[in-house]
Amino acid sequence: MPGATPAKWVRIWRERLPDVPLELIQAPMAEVSALLRDGGAEAGLVRLPVDRTVFSAIPLYTETTVVIVPKDHVVAAVDEVSSGELADDIVLHPLDDALGWETLPGRPALQRPETTADAVELVAAGVGLLVVPQSLARLHHRRDLTYRTVVDAPQSSVALCWREDATTDLVEDLIGIVRGRTVNSSRGRRAAPEEKKTTEKKTTRKPAAAKVAKGAKSGRTAGAGRTTAKPSRGTTAGRGRPRRRG
């Protein structure tokens, strides 16, 4: 979806599964669900909500909501604003809006822009303001525009999503990476062979260690026999020798 930044997860995927290419497909937000449903992608980063009768989803993070304004707008002079402070401005509401508004802030425009990108162009032209998730403000960054946090606006949550009836091994691998599981995690599908190998390696060392310990014990016993003092003539051990005649 627009605004998603999967670079970290892609890097980890390529480190752990270098023999399995990971292809990234960018799609308009309204088309992501259809792409997943039709098998055009195995998993996707989407904005919630999604149809949970069809999809499984793991919420990842919730974005800060911001208002995009011209740099010379009065809002640019503060760090954050409320929806009420936008009441006198035209606030654009594109058809691909990512926020679930109950009551739209500001004054409505005569027409709704078709896309967020179109709405950003209108903000730059001085037509109105635009309230979006922060990642979209970064995606459509322009030198003549800036953005500020809107403290009471709806927020957008991002999730990893896949078709519930298509949970493949590769999808499980991706879930593990996104959730931050290490390569040696007990729940990691590809960690099991490594753990088994390590266990077998440790097991083969134990008999060798026991053999060395046994040999060391035998050596101490033999050494003790060699260092025993020689019996004197008056002992029973010396009676077998012939006596010297006078």
Side-chain angles (χ1 to χ4, degrees), residues 1-68 91-101 104 109 111-124 129-142 145 147 150 153-180:
M1 67 173 193
T5 52
K8 174 184 176 180
W9 300 319
V10 172
R11 175 180 56 79
I12 296 173
W13 176 282
R14 290 173 178 167
E15 290 173 355
R16 295 187 186 178
L17 297 99
D19 56 330
V20 182
L22 179 63
E23 181 184 359
L24 298 180
I25 302 171
Q26 189 172 43
M29 188 177 64
E31 299 177 11
V32 174
S33 293
L35 189 68
L36 293 171
R37 185 182 289 107
D38 297 340
E42 295 181 73
L45 294 173
V46 304
R47 295 190 185 277
L48 296 177
V50 294
D51 185 353
R52 297 305 290 264
T53 65
V54 177
F55 300 111
S56 293
I58 299 174
L60 301 176
Y61 56 88
T62 298
E63 290 197 57
T64 298
T65 300
V66 301
V67 56
I68 301 177
V91 177
L92 303 165
H93 188 214
L95 295 176
D96 64 350
D97 179 54
L99 302 170
W101 293 99
L104 291 169
Q111 292 184 331
R112 295 183 64 182
E114 186 172 342
T115 67
T116 297
D118 293 337
V120 171
E121 293 294 330
L122 292 175
V123 175
L129 312 181
L130 177 63
V131 181
V132 292
Q134 186 171 333
S135 66
L136 292 180
R138 290 173 175 171
L139 177 65
H140 298 290
H141 171 72
R142 292 175 51 120
L145 301 179
Y147 59 85
V150 183
Q155 294 180 315
S156 175
S157 294
V158 177
L160 176 68
C161 180
W162 66 97
R163 246 174 52 194
E164 191 169 354
D165 61 354
T167 309
T168 65
D169 285 342
L170 290 177
V171 170
E172 289 284 3
D173 287 330
L174 183 60
I175 292 169
I177 290 171
V178 170
R179 281 187 159 174

K.L.:
Determine, step by step, whether Leu104 and Val91 satisfy the side chain to side chain contact (heavy atoms under 4.5 Å, CB included) criterion, reporting the C-alpha distance in whole Å, the side-chain angles of both residues, the deciding distance to 0.1 Å, and the verdict.
P.N.:
CA-CA 8 Å; Leu104 291 169; Val91 177; over 6 Å; no
K.L.:
Between Met1 and Val158, is there a side-chain heavy-atom distance shorter than 4.5 Å?
P.N.:
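Side-chain contact under 4.5 Å: yes.
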K.L.:
Check this for me: Glu114, atom CD, are more than 12 non-hydrogen atoms of other residues, nucleotides or ligands nearer than 6.0 Å?
P.N.:
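No, CD of Glu114 has 12 or fewer neighbouring heavy atoms, counting only those of other groups under 6.0 Å.
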K.L.:
Would you find a donor on one side and an acceptor on the other, under 3.5 Å apart, between the side chain of Trp13 and the backbone of Val20?
P.N.:
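Pair found, side chain donor or acceptor close to backbone of Val20.
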K.L.:
The criterion is side chain to side chain contact (heavy atoms under 4.5 Å, CB included); which residues satisfy it with Pro2, sequence neighbours excluded?
P.N.:
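In terms of side chain to side chain contact (heavy atoms under 4.5 Å, CB included), with neighbours along the sequence ignored, Pro2 is linked to Met29, Leu136, Leu139.
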K.L.:
Side-chain contact test, heavy atoms from C-beta onward, threshold under 4.5 Å: evaluate it for Val120 versus Val132 and give yes or no.
P.N.:
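They are not in side-chain contact.
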K.L.:
Decide yes or no on side chain to side chain contact (heavy atoms under 4.5 Å, CB included) for Val46 and Phe55, but give the supporting numbers first.
P.N.:
CA-CA 11 Å; Val46 304; Phe55 300 111; over 6 Å; no
K.L.:
Taking the side chain as everything from C-beta on, heavy atoms only, tell me whether Pro94 gets closer than 4.5 Å to Leu130.
P.N.:
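Side-chain contact under 4.5 Å: yes.
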K.L.:
May I ask you to test the Val178-Leu60 pair for a side-chain heavy-atom distance under 4.5 Å?
P.N.:
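When only atoms from C-beta onward are counted, Leu60 and Val178 do touch, with a gap below 4.5 Å.
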K.L.:
Name the atoms and distances for all side-chain donor-acceptor pairs under 3.5 Å in residues 35-43, with sequence neighbours left out.
P.N.:
none

K.L.:
Any donor and acceptor pair, going by atom type alone, linking the side chain of Ser135 with main-chain N or O of Ala4 inside 3.5 Å?
P.N.:
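Pair absent, no side-chain N/O of Ser135 close to backbone of Ala4.
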K.L.:
Above 12 or not: heavy atoms from other molecules or residues under 6.0 Å from CZ of Arg142?
P.N.:
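Above 12, so yes.
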K.L.:
So, do Arg16 and Ile177 sit near enough that their side-chain heavy atoms are less than 4.5 Å apart?
P.N.:
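Of all side-chain heavy-atom pairs linking Ile177 with Arg16, at least one is under 4.5 Å.
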K.L.:
Do Thr65 and Pro154 make a side-chain contact, defined as non-hydrogen atoms from C-beta onward lying under 4.5 Å apart?
P.N.:
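No; the side chains remain at least 4.5 Å from each other.
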K.L.:
Considering non-hydrogen atoms only, spot the tightest contact between Ala27 and Val32 and give its length.
P.N.:
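Minimum heavy-atom separation between Ala27 and Val32: O-CG2, 3.9 Å.
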K.L.:
Evaluate the criterion side-chain hydrogen bond (donor to acceptor under 3.5 Å, both in side chains) for residue pair Thr115 and Asp96; output intermediate values, then yes/no.
P.N.:
CA-CA 6 Å; Thr115 67; Asp96 64 350; 5.1 Å; no
K.L.:
How many angstroms lie between CD1 in Ile175 and CD1 in Ile58, if you round to the nearest 0.5 Å?
P.N.:
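With rounding to 0.5 Å, CD1 (Ile175) is 4.5 Å from CD1 (Ile58).
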K.L.:
Taking only residues two or more places apart in sequence or in another chain, which ones pass salt bridge (Lys or Arg N to Asp or Glu O under 4.0 Å) with Glu15?
P.N.:
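Partners of Glu15 under the salt bridge (Lys or Arg N to Asp or Glu O under 4.0 Å) test: Arg11.
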K.L.:
Would you check if Tyr147 and Arg138 make a side-chain contact, meaning some heavy-atom pair closer than 4.5 Å?
P.N.:
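Counting from C-beta outward, Tyr147 and Arg138 do come under 4.5 Å.
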K.L.:
Please report the shortest heavy-atom distance between Pro113 and Asp118, naming the atom on each side.
P.N.:
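Taking every non-hydrogen atom into account, CB-CB, 4.2 Å.
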K.L.:
Name all pairs fulfilling the salt bridge (Lys or Arg N to Asp or Glu O under 4.0 Å) condition that reach into residues 158-167, sequence neighbours left out, sorted by first residue then second.
P.N.:
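Counting only pairs at least two positions apart or across chains, the salt bridge (Lys or Arg N to Asp or Glu O under 4.0 Å) contacts touching residues 158-167 are Arg163-Asp165.
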K.L.:
Which residues pass the side chain to side chain donor-acceptor pair (under 3.5 Å) test with Thr167, not counting sequence neighbours?
P.N.:
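Thr167: side chain to side chain donor-acceptor pair (under 3.5 Å) contacts with Trp162.
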K.L.:
Measuring from Leu129:CG to Leu122:CG, what's the distance to the nearest 0.5 Å?
P.N.:
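The distance works out to 11.5 Å.
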K.L.:
Less than 4.5 Å apart, any side-chain heavy atom of Trp9 and any of Leu45?
P.N.:
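They are in contact (side-chain heavy atoms under 4.5 Å apart), so the answer is yes.
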K.L.:
To the nearest 0.5 Å, how far apart are CD1 in Ile68 and CD in Gln134?
P.N.:
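Those atoms lie 10.5 Å apart.
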K.L.:
How close do Val171 and Ala166 get, heavy atom to heavy atom, and via which atoms?
P.N.:
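The answer is CG2-O, 4.0 Å.
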K.L.:
Quick one: salt bridge (Lys or Arg N to Asp or Glu O under 4.0 Å) pairs with a partner in residues 43-68, sequence neighbours left out?
P.N.:
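Those involving residues 43-68 are Arg47-Glu63.
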